[in-house]
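As structure tokens, the structure follows; a few thoughts come after it.
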Amino acid sequence: MRENHKTLPVVEKLSNAEETVWINLKKLPSAKKDLEISMADIDDAEARLERFAPFIMKCFPETKKDNGLIESALVPIPKMKRCLEETYKTSIPGALFLKKDSHLAVAGSVKARGGIYEVLKHTEELALAAGLISTADDYAKLAEPKCREFFSQYTIQVGSTGNLGLSIGIASAAVGYKVIVHMSADARQWKKDMLRNHGVTVIEYASDYSEAVKEGRRLSDEDPKSYFVDDENSVNLFMGYAVAAKRLKKQFNDQNISVDDTRPLFVYIPCGVGGAPGGVTFGLKEIWGDNVHCFFIEPVQAPAMLLGMATGLHNEISVQDIGLTGQTHADGLAVGRPSGFVGKVMEPLLSGEFTVSDKKLYDYMRALLDAEEIFIEPSACAAFEGPVKLLACEETKEYIKKNGLERVMENAAHIVWATGGSLVPEEIRKEYKNIYLDEPVKYRLI
Ligand SMILES: *Cc1c(COP(=O)(O)O)cnc(C)c1O
């Protein structure tokens, strides 16, 4: 079976670690999709986050200004748009925006959406079952010492390349849980240090992300008072991410941005195991249907989701199976095997994918700093590959034509989803700024 897939042109390109564009031919018109999850699930997640807002405000005072909602700004980045057009000799018709999940409160990454949501959902279940609260109560109660003491009998565990661990670790420690984070070899030292400072137990693995998840799941299953946040299969994480779409709709209304037949929306999201970009995409498609076009971006050495979707094998194939290393400077995207759950949900929804070389991540990072004075981490910069390549590749130009968008591209809004960065310490930022991967010097991974 695998031999067959190796003859697919896109797999051959991926296996050579070439920058690749892939259009998803299984995408369906929104009226025809048939999924088991729906807007009602997103509404449920949104309502739960609202119930927890008083608690979030109490634990994380920085969220007071947003009444306990953890949400990020949507900002136009016209100077970056010009810079990309000039540097990469392309055009990006319409307006370019940055969705700053890089600056989300508490966790400084998109993981603040899914990770914190799942910890809160589990907390609500335990608290309701123990009679500590009813859903009509003010959840600020849950921050009282007697509740913290109750939660301290329980453990939360998670496998992570870094940012999910940060999000789950910080949120769980705030509730009062014991927390164990299983970190893959790709996780950066400063992320482990930060977690340990929050009282989190960090177990380090010499192996990759899939192994860290497997071992974490095993250890958690052995303990009846332990709950495992399963990044590869969790519907809760996914719904936490999906709430982003409803919040974005409000921001669009506030900023007078419309999305319809003549004003398409393009969204570019960096992808690791798939939960974050998948959840956001699911939400966006529920709201804007055929008028939103979602693309994922992965590193050339770790195109797990693209490989799984293009072959139809999903989590039954890994990037190592086609001779790639899975290693990348984009630590948040260093995943060799995708979520099978997310890949299958994405089949009728996703427009396509791009892969990007590590070198460009640092170039995009410096360009955004110079043009707009915004820092985001290298993994998050992968998303810029989308608008840069959209009109520079035959495959995507064909996509635009087929979808009847040529005449309306001037009205398009493009959103680069900045997935992380604000927690990166100053000295690490300085190091990043000086990494030029085209120079003969070999840089160590920080
Ligand atoms: C985790 C992460 C992603 C991708 O999310 P997945 O759910 O793993 O696909 C993208 N960017 C950053 C910075 C991340 O930490």
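Numbering of ligands and ligand atoms starts at 1, following listing order. All of these numbers come straight from a predicted model, not from anything done at the bench.
- Close approach to P277 involves these atoms of ligand 1, each under 4.0 Å from a residue heavy atom: 5 (O), 6 (P), 7 (O), 9 (O).
- Salt bridge annotation for K13-E353: absent, with no cationic side-chain nitrogen under 4.0 angstrom from a carboxylate oxygen.
- The aromatic rings of F295 and F354 sit tilted, their planes meeting at an angle between 30° and 60°.
- When the options V335, L333, L166, N163 are ranked by their closest heavy atom to atom 10 (C) of ligand 1, first place goes to L333.
- Residue G274 places at least one N or O, backbone or side chain, under 3.5 Å from an N or O of ligand 1.
- Between F52 and F55, the two ring planes are perpendicular [angle over 60°; tilted spans 30° to 60°].
- Taking the six-membered ring where the residue is Trp, F238 and F282 present tilted rings, their angle falling between 30° and 60°.
- Inclusion of P270 in the set of residues having an N or O under 3.5 Å from an N or O of ligand 1 is not warranted.
- At a heavy-atom distance under 4.0 Å, no atom of S109 approaches ligand 1.
- Some N or O of G275 is nearer than 3.5 Å to an N or O of ligand 1, by distance alone.
- Every N/O-N/O distance between V110 and ligand 1 stays at or above 3.5 Å.
- Closest protein heavy atom to atom 8 (O) of ligand 1: V273 N, 3.0 Å.
- Taking every heavy atom of G332 and a limit of under 4.0 angstrom, the matching atoms of ligand 1 come to 1 (C), 2 (C), 3 (C).
- Under the salt bridge (charged side-chain N to carboxylate O under 4.0 Å, His left out) criterion, K433 pairs with no residue at all, not counting sequence neighbours.
- Ion pairing between K79 and D370 fails under the 4.0 Å rule for side-chain N and carboxylate O.
- Remark: minimum distance from atom 4 (C) of ligand 1 to any protein heavy atom is reached at G272 N, 3.5 Å.
- The shortest N or O to N or O distance between K111 and ligand 1 is under 3.5 Å.
- By the 4.0 Å heavy-atom criterion, L164 is excluded from the residues contacting ligand 1.
- Residue-to-ligand polar distances place A276 within reach of ligand 1: an N/O pair is separated by less than 3.5 Å.
- A salt bridge is defined here as a Lys NZ or Arg NE, NH1 or NH2 lying under 4.0 Å from an Asp or Glu carboxylate O, and K430 with E427 fails to meet this definition.
- Residue-to-ligand polar distances keep S379 apart from ligand 1: every N/O pair is separated by 3.5 Å or more.
- Residues A45 and V243 come closest through the heavy atom pair CB-CG2, 3.6 Å.
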Using the side chain to side chain contact (heavy atoms under 4.5 Å, CB included) rule, take V158 and E118 through it: C-alpha gap first, then chi angles, then the decisive distance, then the call. CA-CA 11 Å; V158 65; E118 178 145 7; over 6 Å; no

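- Taking the ring centroids of Y227 and Y177, they lie at or beyond the 6.0 Å cut-off.
- Closest to atom 12 (C) of ligand 1, if we only count protein heavy atoms, is T419 OG1, 3.3 Å.
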